[in-house]
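One structure is given here, and the rest of the page talks about it.
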Amino acid sequence: MTLQQTQGKGTDDWSQMSDLKYLEGLNTAQQEAVNCLEGPLLIVAGAGTGKTRTLVTRLAHIINLGLARPYEILAVTFTNKAANELKLRIQSLTGIDPLELSWVGTFHSMAAKILKIEAERIGLNSNFTILDDNDQTKIIKDLLKSKDITPEEIPPRMLTGQINKWKNDAKTPSNLTKQDKELFQDRAEILYQSYQRELLQSNCVDFGDLLLHVVTLFTKKADVLKTYQDKFFYIMVDEYQDTNICQYQMLRLLTQRKEKNICCVGDDDQAIYSWRGARPQIMLNFSEHYKDAKIIKLEENYRSTKHILGAGVGLIKQNLMRHDKTLRVGLPNTDHANKIRIHAFDELFAEAKFIGKAIRKLTTTGLNGRTFSYSEIAVAARTWAETADIEECFFEMKIPYRVIGGPKFFDRKEIKDVMGYLKVSHNPLDNFSLARIINTPTRGIGKITHQKISFYASEHNISHLEAARKLVLDKGLASASSTKLGKFLELLEEGSRKLNDPTLLLSNSINTLVSEIGYRDYLVKNYPENFEERIENVVKLSDMAGRYETLAGFIEQAGLMNAEEDPDDHSNDQVSLMTLHACKGSEYPAMYLIGWYEGGLPLSRTIEERYQVFSPFVYKLAMSLLYNPPKITLERRRFLDLAKFVLEEKPGEKSDRDNLGKTLARMILRGDGMKFSKEVETLAKKITTSEAIEEERRLAHVGITRAKELCVISYNQVNMFRGQFISGLLPSRFINELPNDDVEHYVKERLSSREFLGPRSVPQQNKIQNGRRSFTPKADKTNSISEGDRVLHKVFGKGSVIASSNNRLLIKFDNNQEKLILNDFVTLL
DNA sequence: TAATCAAATGTTTTT
DNA sequence: CATTTGATTA
Ligand SMILES: Nc1ncnc2c1ncn2[C@@H]1O[C@H](COP(=O)(O)OP(=O)(O)OP(=O)(O)O)[C@@H](O)[C@H]1O
């Protein structure tokens with residue numbers, strides 16, 4: 001086997017020892033990493049090079065050598081899925097029960113654990129509630145309303161987003177910079193502070209708090225920090241490129257001690273979480289953060305066959321802001337392996353149908369004599385919306401599948417309602433949950449009563465629940481309201497007593513509560529279409545809770561859970577369906593990557609972001625040059641017309657300070673419109689790319705590199721968006737960027753009897769055409785429609801003007817479709 | 001206060 | 001197209 005070759009001959013003593021057998025599965029570099037047990041160590045390496053395998057082996061080695069007990073090792077990752085996988089891999093290598101690995105998990109769950117122990121040190125009770133995104137926005141909304149700030153003044157989303165950003169950057173309200181404080185009309189600090197105060201009053205924390213509170217604690221309370229420094233002999237971090245500043249500070253504080261036994265592994269080409277504050281630079285600066293750090297690179301990929309790896313590497317090389325790295329095929333005999341297959345469709349549902357049929361084929365007749373089981377196949381999409389058709393198709397074709405980390409079970413209304421009761425029972429200070437359940441099911445307790453409670457509570461500085469109790473006793477309400485509220489409180493008290501009674505079965509107590517409050521009737525009445533499903537979900541919830549001993553245990557887990565139950569059906573033979581984000585860290589023999597069209601991947605938002613800098617026309621020109629250069633005379637004329645148009649276009653308020661757009665046009669017009677110099681291409685590339693686009697490219701790279709044997713990429717030129725039909729979608733630029741030798745293009749099945757054609761020319765698009773006639777610049781005074789206006793078109797409906805120039809408007813219609821239209825053909829709304 | 005209907009709105013990815 | 005928000009009525 002080629003494996004022996006890479007492993008090298010110089011077998012050291014330790015690999016001879018029988019109880020160190022697990023080292024044999026590693027190559028020299030990997031073994032070096034495993035044997036580097038002291039001091040800071042960073043493993044940077046590309047996809048499939050065995051980083052996780054090395055990390056797991058190193059952990060096993062540490063335990064095996066008696067250097068630390070399982071519970072003395074802190075091993076963190078970023079997603080629940082990765083954490084579970086890590087535990088399983090450790091278990092299969094060492095036989096250690098995952099329950100013993102108390103400090104292996106996600107950053108957030110580890111932080112929650114610490115916070116639970118140290119709660120009082122930071123002004124919380126250990127039974128704090130963890131808020132999710134929706135709770136958070138709701139609280140912010142109410143907060144803004146209570147301060148008489150309209151959503152126009154400060155959009156709640158914006159404030160929520162900003163607060164989360166601050167938390168990711170480890171900024172408490174008092175830590176804000178001058179610039180930060182100037183946000184929201186100088187009210188940033190006050191708003192952030194009042195939000196924090198409210199959470200603390202309700203004994204709640206949001207996701208960001210979990211980490212930030214721990215950092216604050218470690219910073220302010222030396223004894224607490226010391227406890228954990230002494231506790232964690234070894235620290236390991238997987239996917240280190242996804243660390244944010246807050247997480248980094250947490251690690252940094254823990255390693256401010258004599259033994260800096262920290263080992264991080266990561267790959268900057270797989271950094272896909274910058275939107276939640278991750279800073280890949282933290283990984284790249286490792287040796288500055290940790291003096292005498294050892295850095296090990298792994299360069300053999302043991303996962304993918306030749307063309308898959310070739311395509312993945314070829315694609316990621318297109319990123320301008322990148323450190324190059326070597327990645328070799330480590331698997332033997334992959335010269336005749338499958339090329340990446342690319343399929344295009346132009347009918348609704350065609351893509352999904354194709355995937356369904358293809359999977360059926362793979363599992364029955366197989367491919368080149370190899371049949372796949374369902375569990376060897378995965379389908380990954382950029383967004384959950386893209387998976388809907390696939391799911392429907394699988395359902396119809398009876399293909400077994402499971403959704404990984406899908407739209408969250410705990411986000412459903414009925415679940416949140418019931419959870420509200422549980423949360424209040426567990427944490428009576430939780431005013432937010434109380435607000436949710438006080439009139440659910442409707443029991444005649446309206447806005448006014450709730451306002452009175454809230455007012456009374458803040459006046460006496462007590463919780464809302466306490467205030468409600470007092471108001472009922474003191475007859476501080478209208479008698480009708482008082483009776484209703486009293487009844488509710490009784491119900492809650494009784495339910496709470498049962499839920500917290502350890503001698504009763506948790507699931508039984510939940511069932512009792514649900515029937516006591518008449519929740520089923522409420523569902524039947526309010527959701528006649530799908531009450532059955534909702535009731536089922538409630539039952540599922542109580543079953544789930546039944547696996548826990550105590551209410552506290554269940555609530556703590558539930559706060560951080562987002563996947564649907566997993567344990568039982570892991571062994572089942574099912575196709576996996578997930579997002580590109582969720583597939584990182586996994587591998588599958590066959591990968592289907594769907595929705596590779598411009599706007600899908602890369603996502604339209606990341607493209608449009610670029611319109612802030614360059615006019616859409618400049619962008620189109622650059623895109624056309626790079627990915628769809630003119631071939632026939634007609635195309636060339638249109639292309640040159642567009643260049644002329646760009647040259648004469650008014651600058652507008654685009655921030656293209658260097659006027660790269662006009663430079664590009666000028667360079668193009670100097671040539672023949674057929675052949676382009678490297679220089680022009682470089683410029684076009686500069687215009688079309690951005691940090692966001694590069695992150696999309698990394699996402700595409702992650703998708704491809706999950707595949708072991710077969711990788712199929714597809715897209716559909718037509719789509720439904722918010723109920724409207726859109727057509728003329730272009731293939732993703734990432735498809736064009738794949739090395740020709742590694743791909744095979746398949747033409748739309750229904751159009752061709754032939755199976756295979758060479759690199760396909762892009763089909764005629766009706767997206768933005770460069771205009772039929774020439775763009776003769778004319779002063780557009782006919783009607784004064786300008787950027788941002790809402791307009792109506794006979795056929796395409798309503799839309800907003802993105803750009804206007806010379807009698808033409810680039811309009812983004814409400815169905816998300818962009819079109820270039822003459823001024824006279826639309827009316828101003 | 002609850003129920004009903006018209007109108008507006010829509011963050012993509014995860015803890 | 002869904003789902004949520006707002007306005008109006010019972
Ligand atoms: N030395 C080796 N010999 C043979 N196979 C190996 C070796 N090291 C790793 N592998 C296999 O290669 C595959 C990829 O390993 P692993 O998942 O650890 O890589 P990774 O670097 O974490 O990948 P990614 O960053 O893409 O998640 C796995 O199937 C693993 O079992």
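Here is the naming used below: chain letters follow the sequence lines, and residue numbers restart at 1 for every chain. Note that the structure is predicted; figures quoted are calculated from it, not measured.
Taking atom CD1 of A/I693 as the reference point, atom P of B/dT13 lies 18 Å away to the nearest angstrom. Straight-line distance from the CZ atom of A/R722 to the C1' atom of B/dT9: 7 Å, rounded to whole Å. Counting to the nearest Å, the P atom of B/dT13 and the OH atom of A/Y273 are 11 Å from each other. The nearest whole Å value for the distance from the CD atom in A/E695 to the C1' atom in B/dT14 is 12 Å. In this structure, the CG atom of A/L159 is 18 Å from the P atom of B/dT11, given to the nearest Å. The nearest whole Å value for the distance from the CG atom in A/D389 to the C1' atom in C/dC1 is 13 Å. The distance between atom CD1 of A/I272 and atom C1' of B/dT15, rounded to the nearest whole Å, is 14 Å. Taking atom NZ of A/K484 as the reference point, atom P of B/dT1 lies 7 Å away to the nearest angstrom.
Backbone-only engagement by A/T449 is indicated by non-hydrogen atom pairs under 4.0 Å involving sugar-phosphate atoms exclusively. Contact annotation for A/K141: backbone-only contact, meaning every heavy-atom pair under 4.0 Å involves sugar-phosphate atoms and none involves a base.
With DNA chain B read from its 5' end, the first of the two nearest nucleotides for A/S481 and A/F78 is the one closest to A/S481.
For C/dT4, the OP1/OP2 oxygens have no side-chain nitrogen or oxygen of A/K138 closer than 4.0 Å. Neither OP1 nor OP2 of B/dT13 sits under 4.0 Å from any side-chain N or O of A/K584. OP1 or OP2 of B/dT13 has at least one side-chain nitrogen or oxygen of A/W384 nearer than 4.0 Å.
Taking the six-membered ring where tryptophan is involved, the planes of A/W596 and A/F734 are perpendicular, since the angle between them exceeds 60° and thus also 30°. Ring planes of A/F218 and A/Y228: tilted class, angle from 30 to 60°. Taking the six-membered ring where the residue is Trp, A/F78 and A/F107 present tilted rings, their angle falling between 30° and 60°.
For the pair A/R276 and A/Y273, the cation-pi criterion (under 6.0 Å, within 45° of the ring axis) is fulfilled.
The side chain of A/I448 has B/dT1 as its nearest neighbour among B/dT1, B/dT11, B/dT15. With B/dA2, B/dT14, B/dT11 as the candidates, the nucleotide lying closest to the side chain of A/N439 is B/dA2. Checking B/dT15, B/dT14, B/dA3 against every side-chain atom of A/W275, the shortest atom distance belongs to B/dT14. Looking at the side chain of A/T106, the nearest of the listed nucleotides B/dA3, B/dT14, B/dT15 is B/dT15. Taking the side chain of A/T579 as heavy atoms from C-beta on, and the options B/dT15, B/dT14, C/dT4, the nearest nucleotide is B/dT14.
Taking the six-membered ring wherever Trp is involved, the centroid distance between the rings of A/Y597 and A/Y715 does not fall below 6.0 Å.
By the criterion of a centre-to-centre distance under 5.5 Å and near-parallel planes under 30°, the ring of A/F107 forms no stack with the base of B/dT15.
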